[in-house]
2 protein chains.
Amino acid sequence: MEVLDQVSGKWSIGILVAAAHGPVRFTELERTVNGISRRMLTLTLRRLERDGLLVRKVYPTVPPKVEYTATSAARELFGPLTALTEWAERHRTTIAQARHVYDLENAEKGSAAG
Amino acid sequence: MEVLDQVSGKWSIGILVAAAHGPVRFTELERTVNGISRRMLTLTLRRLERDGLLVRKVYPTVPPKVEYTATSAARELFGPLTALTEWAERHRTTIAQARHVYDLENAEKGSAAG
DNA sequence: CAGGATCCCACGGGATACTG
DNA sequence: CAGTATCCCGTGGGATCCTG
């Protein structure tokens with residue numbers, strides 16, 4: 001799905017949920033979205049703005065102040081997004097175990113389906 | 001979210017929904033999941049199998065037959081996934097327009113906020 | 001039919017330095 | 001404070017050829 005490409009990407013979701021509860025500032029996001037670099041924050045913000053999921057409001061003060069606000073389209077995303085992350089939470093250990101088992105079985109390359 | 005990384009990737013979702021309605025065969029997926037290459041089909045199937053979202057069943061016949069079936073964990077994903085794709089569908093044109101507008105505004109680099 | 005192996009490119013994304 | 005610019009690398013993914 002082409003439209004979901006922007007929701008994918010390592011940071012979009014994190015930024016969106018960070019902006020869920022009202023306007024957020026750049027530096028605020030930098031602290032909130034854990035592990036994100038300045039560069040990726042900027043790039044992802046630009047993409048989300050371009051897709052109409054965030055509105056960027058600049059206050060021409062000094063020092064500068066920029067606020068990002070989730071649009072209604074973005075807010076409609078929060079439901080599905082929450083469902084998805086909750087699923088991930090529920091199945092995290094299950095998936096980890098599945099990976100472990102799979103890796104073990106495929107370590108012994110000559111395994112006869114034992 | 002680390003666990004969602006596998007759901008991301010260009011093809012995982014497409015493959016999962018293709019396997020939603022029962023077991024599917026390799027070639028069947030190759031036709032169903034539009035635009036996927038043999039290579040990515042194999043790789044993505046392996047990843048989904050490793051994460052316990054698909055079960056791979058081999059019938060030792062000639063010619064070979066391999067069936068992929070969604071696990072219960074994967075089936076629990078369909079709800080959230082559907083919600084997400086429906087959101088994408090609802091907002092597809094909106095997003096396209098937003099992009100268009102954004103691109104126009106940023107084409108005139110010297111624009112003084114019109 | 002259902003893959004595996006190899007090559008090769010595009011792009012996502014981190015690190016770092018500079019700016020209005 | 002809120003960016004932009006540059007460099008550089010890992011990997012996602014397409015094309016093509018080979019195989020049990």
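Convention: sequence-line order gives letters A, B, ...; per-chain numbering from 1. From a predicted model like this one, the values you see are computed outputs, not experimental measurements.
A:Lys57 meets the salt bridge (Lys or Arg N to Asp or Glu O under 4.0 Å) test with no other residue; sequence neighbours excluded. A:Arg25 is linked by a salt bridge (Lys or Arg N to Asp or Glu O under 4.0 Å) to nothing, counting only residues two or more places apart in sequence or in another chain. Here A:Arg38 pairs with A:Phe26, A:Glu30 under the side chain to side chain contact (heavy atoms under 4.5 Å, CB included) rule; sequence neighbours left out. Judged as a salt bridge (Lys or Arg N to Asp or Glu O under 4.0 Å), and not counting sequence neighbours, the contacts of B:Glu76 are A:Arg90. Every residue two or more places apart in sequence or in another chain that forms a side chain to side chain contact (heavy atoms under 4.5 Å, CB included) with A:Thr61 is listed here: A:Tyr59, A:Lys65. Here B:Arg39 pairs with nothing under the side-chain hydrogen bond (donor to acceptor under 3.5 Å, both in side chains) rule; sequence neighbours left out. By the side chain to side chain contact (heavy atoms under 4.5 Å, CB included) test, B:Ala73 pairs with A:His91, B:Leu53, B:Thr71, sequence neighbours left out. Among residues two or more places apart in sequence or in another chain, the side chain to side chain contact (heavy atoms under 4.5 Å, CB included) test is passed with A:Ser72 by A:Arg75.
Two end axes, each from the C1' atoms of five base pairs, can be drawn for the helix from C:dC1-D:dG20 to C:dG20-D:dC1; they diverge by 50°, to 10 degrees.
When heavy atoms are screened at a 4.0 angstrom cut-off, A:Tyr59 is found touching no nucleic acid atom at all. The residue A:Ser37 sits close only to the backbone: its heavy atoms come under 4.0 Å of sugar-phosphate atoms, none of a base.
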Fill in: side-chain contact (heavy atoms from CB on, under 4.5 Å) between B:Leu54 and B:Leu16, intermediate numbers included
CA-CA 8 Å; B:Leu54 289 182; B:Leu16 282 177; 4.2 Å; yes

Item to complete: Go through B:Arg99 and B:Val101 one step at a time and tell me if the side-chain contact (heavy atoms from CB on, under 4.5 Å) criterion holds.
Response: CA-CA 5 Å; B:Arg99 284 182 184 172; B:Val101 171; over 6 Å; no

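With a cutoff of under 4.0 Å to any heavy atom of chain B, the contacted region of DNA chain C is bounded 5' to 3' by C:dC1 to C:dT6. In 5' to 3' order, the nucleotides of DNA chain D bounding all contacts with chain B (an atom under 4.0 Å from a heavy atom) are D:dG13 to D:dG20.
Across all non-hydrogen atoms, the minimal contact from B:Ile36 to B:Leu29 is CG2-O, 4.5 Å.
In this structure, the side chain of B:Thr85 engages the main chain of B:Thr82 through a donor-acceptor pair within 3.5 Å.
Side-chain contact between B:Ile15 and B:Tyr68 is absent, with no heavy atoms from C-beta onward closer than 4.5 Å.
Within residues 23-33 of chain B, the residues that place at least one heavy atom under 4.0 Å from DNA chain C are, in residue-number order, B:Arg25, B:Phe26, B:Thr27.
Remark on DNA chain D: of its neighbouring residues A:Lys65 and A:Arg39, the 5'-side contact belongs to A:Lys65, judged by nearest-heavy-atom nucleotide. Each of A:Gly35 and A:Arg38 lies near DNA chain C, and the nucleotide nearest A:Gly35 is the one positioned closer to the 5' end.
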